[in-house]
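Heads up: the structure comes next, in structure tokens.
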2 protein chains.
Amino acid sequence: MTETTARPTLEAVAARAGVSRATASRVVNGGDGVREPLVERVRRAVDELGYVPNQAARSLVTKRHDAIAVVIAEPETRVFADPFFALQLRGISKELTVHDSQLVLLLTEGRDDHARVGRYLAGGHVDGALVFSLHLDDPLPGLIQGAGVPTVFGGRPGWSDGTPGPVYVDSDNRGGAREAVRHLVGLGRTRIAHIAGALDQTSAVDRLDGFRDVMADADPRMVVESDFTPAGGERAMRELLDRCPDLDGVFAANDLTAAGALRVLRERGRRVPEDVAVIGFDDMLPVAEQTDPPLTTIRQDIEEMGRLMARLLLRRLDRSTTGRADADTPAAVVLPTTLVRRASA
Amino acid sequence: MTETTARPTLEAVAARAGVSRATASRVVNGGDGVREPLVERVRRAVDELGYVPNQAARSLVTKRHDAIAVVIAEPETRVFADPFFALQLRGISKELTVHDSQLVLLLTEGRDDHARVGRYLAGGHVDGALVFSLHLDDPLPGLIQGAGVPTVFGGRPGWSDGTPGPVYVDSDNRGGAREAVRHLVGLGRTRIAHIAGALDQTSAVDRLDGFRDVMADADPRMVVESDFTPAGGERAMRELLDRCPDLDGVFAANDLTAAGALRVLRERGRRVPEDVAVIGFDDMLPVAEQTDPPLTTIRQDIEEMGRLMARLLLRRLDRSTTGRADADTPAAVVLPTTLVRRASA
DNA sequence: GAACTCAGTGAGAGCGCTCTCGACGACGTG
DNA sequence: CACGTCGTCGAGAGCGCTCTCACTGAGTTC
């Protein structure tokens, strides 16, 4: 039960096939420029010996790793545990699989960890990185740009300076928010409030902007900043009801918040959607479907976001290898959202 | 914007510090057997040059990778997206970080993917693997044992044969189930039903066993197999109510199922917990806290499970390196569960 | 038929590191 | 003072692979 018996090397394959190591290598890497009979012999040798290339040896010379890092900086367990990341990872994984790349997952806990991640990335262990930086004041994106690793961000990073735009993939938070509010308006609602998310995150800012796009002349007191949590949603809803007892529509920054709001509305005797129509954002299934009444919300295709991030990064890496220009590689992709009608609005 | 300027090598560090490559290497790897002044000089050279060891070169000779694979085989997006895996990953990540190991995430989609994962694992790219095999008929565990990679499983794998027991970490599903049912009994409930999970998963089987431990002489019709989903919970609850309209307690195999059951109970005019007490399993926060009434449930420490899996694996790897016996490394760890009282029971 | 291609192949260098081994001086020991 | 011992260090041999380059022989070209 010690080590598995020593794995066969390219040398062994070459010997068995009666060719040089160079030729064996060519076959293993696609077989271009090798005559058919030899290709066949090498292939057979590979099968018989169960040969698998030693990635370390390969990387050592090619300086490629066929691996990319996924950095998730989210100290709060609560947020990390939502289905969001799982779906993104899934999307990323699918795309990477197609390209025979591996996914190295880097989760950070607190600030000290940033150095570790920075070091790892700068260490050139991976070909590129996909980074989820949720907070505006997060030093991580800077660190990473410094590390000189090709990077694609998940969600629009919130930089004030106009450095050569970061590449990112995001949902159309602003457009989705507009759609949500317009839906409420279409329902005949006129006194519409917004429970905003934590405004140190671009998604929250964008959704708020979308709200304002439609409700340009809304009473500023109809907007309360919250924190994307159910408890925060409850607090915000109470506050809003106190301020404007006659509100008839609520656009919550996410489903969790909406769930909290729903509870307070019921507690205060408001019927949903008759008295107050409520709409969320995310379409987080386990939540949106379980609320009472089920939540009307804005869906974003999380998995597709992940897939796109990976695709964008891989394309970039490919470019830098082949030396071609970055012509048709977009710097940012914004995915559309869709309205999902359930019962709450 | 091409490649970052060539990274410094050990050779460069050695030159700058005025020592041999061997000595530089010693310092980088802990500095044992090198006199203080030299250690200092090398350390400074490392800092000045920003040297980071090339992992590929290192692996090539040590045959260690300081990386472990986490294999999650879960075709159904729904299940994968629950907070479960996120928390486990977090626990695993924390432990690996401490040991300077990387986490390579392997997600599988459908059967074809198993071969890919098997190949990767057999390829010796990682030192070990943490595998989540949820289903009894999953061929993956077998494949992996075949690959000869040290492995720790998440959740008890369901093998019938008595092969040298797989190493695994699991929650005390059976004990937790007993506690849940006893709680209902303690509440004075006598006609207690169980909505079981998908019985091709050991966790579901174990929880059912726990139920039976306490309700040895229960009417077999008080148990319905379901599938861990809310919709399944609804169906099962209807079935149960039809069979035994006078039941006064329900132990659901997980919180999602319980949430579905709760809805049906309300729909049928049963008050919870007055008429029927309901208890779940998992303490999946976003669900358990949001149900109406909030769900009493059995909590398992998911993150700790992840951490333990990693710790167990690393210890094992350490053993096989140092050649020591596997004496005090347990083959299985079962974590305790705790009852979380909310309003539903 | 000599000179020239050119696809196909093998020899060999070297990627950056670890680790063994031998050299060397400082230190006891008889 | 000769000898062994020990701690410290450098030289050098690879780890398994890719890739350049030179070589071969068959196919052109004039």
Side-chain angles (χ1 to χ4, degrees), chain A residues 3-43 45-46 49-67 100 122-125 127 321-322, chain B residues 3-43 45-46 49-67 100 122-125 127 321-322:
Chain A
E3 191 72 19
T4 327
T5 46
R7 296 171 39 216
T9 74
L10 230 210
E11 190 77 51
V13 172
R16 183 169 192 112
V19 299
S20 72
R21 202 175 55 238
T23 296
S25 174
R26 289 185 187 103
V27 173
V28 169
N29 292 292
D32 296 341
V34 179
R35 247 186 300 247
E36 190 47 42
L38 284 195
V39 171
E40 197 41 52
R41 258 161 50 201
V42 174
R43 291 251 161 83
V46 166
L49 296 175
Y51 170 76
V52 182
N54 180 320
Q55 186 59 43
R58 181 179 277 175
S59 297
L60 187 53
V61 27
T62 60
K63 273 127 177 47
R64 286 174 56 257
H65 303 84
D66 292 323
D100 267 317
H125 303 294
D127 300 326
T321 304
T322 59
Chain B
E3 192 72 19
T4 328
T5 44
R7 295 172 39 217
T9 75
L10 230 211
E11 190 77 51
V13 172
R16 183 170 191 112
V19 299
S20 73
R21 203 175 54 239
T23 297
S25 173
R26 289 185 187 103
V27 173
V28 169
N29 291 293
D32 296 341
V34 179
R35 245 184 306 240
E36 190 46 43
L38 284 197
V39 171
E40 197 42 53
R41 260 167 43 207
V42 173
R43 291 251 161 84
V46 166
L49 296 176
Y51 170 77
V52 182
N54 180 321
Q55 186 59 42
R58 182 179 276 176
S59 298
L60 186 54
V61 27
T62 60
K63 272 125 179 50
R64 287 175 53 258
H65 303 84
D66 291 323
D100 267 317
H125 303 293
D127 301 325
T321 303
T322 59

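Residue numbers start from 1 in every chain, and the chains themselves are labelled A, B, ... in the order their sequence lines are given, proteins ahead of strands. Computed from a prediction, not measured in an experiment: that's the story for all the values here.
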Hey, could you give me the CZ/CZ distance between B:Arg16 and B:Arg41, rounded to the nearest 0.5 Å?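 One finds 12.5 Å between CZ of B:Arg16 and CZ of B:Arg41.
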Spacing of B:Glu40 atom CD and B:Arg35 atom CZ [to the nearest 0.5 Å]: 15.5 Å
Evaluate the side chain to side chain contact (heavy atoms under 4.5 Å, CB included) criterion for residues A:Asp66 and B:His125: first the C-alpha distance (whole Å), next the side-chain angles of each, then the deciding distance (0.1 Å), finally the verdict. CA-CA 12 Å; A:Asp66 292 323; B:His125 303 293; over 6 Å; no
List the steps and the verdict of side chain to side chain contact (heavy atoms under 4.5 Å, CB included) for B:Leu38 and B:Val27. CA-CA 9 Å; B:Leu38 284 197; B:Val27 173; 5.9 Å; no
Does OP1 or OP2 of C:dT9 have a side-chain N or O of A:Arg35 closer than 4.0 Å? yes
Assess the residue pair A:Val42 and A:Val13 against the criterion (side chain to side chain contact (heavy atoms under 4.5 Å, CB included)); give the C-alpha distance rounded to whole Å, side-chain angles, the decisive distance to 0.1 Å, and a yes or no. CA-CA 7 Å; A:Val42 174; A:Val13 172; 4.1 Å; yes
Mark up nucleotides 15-24 of chain C, 5' to 3', with B wherever a protein heavy atom is under 4.0 angstrom from a base atom, S wherever such an atom reaches only the sugar-phosphate, and - elsewhere. BBBBBB----
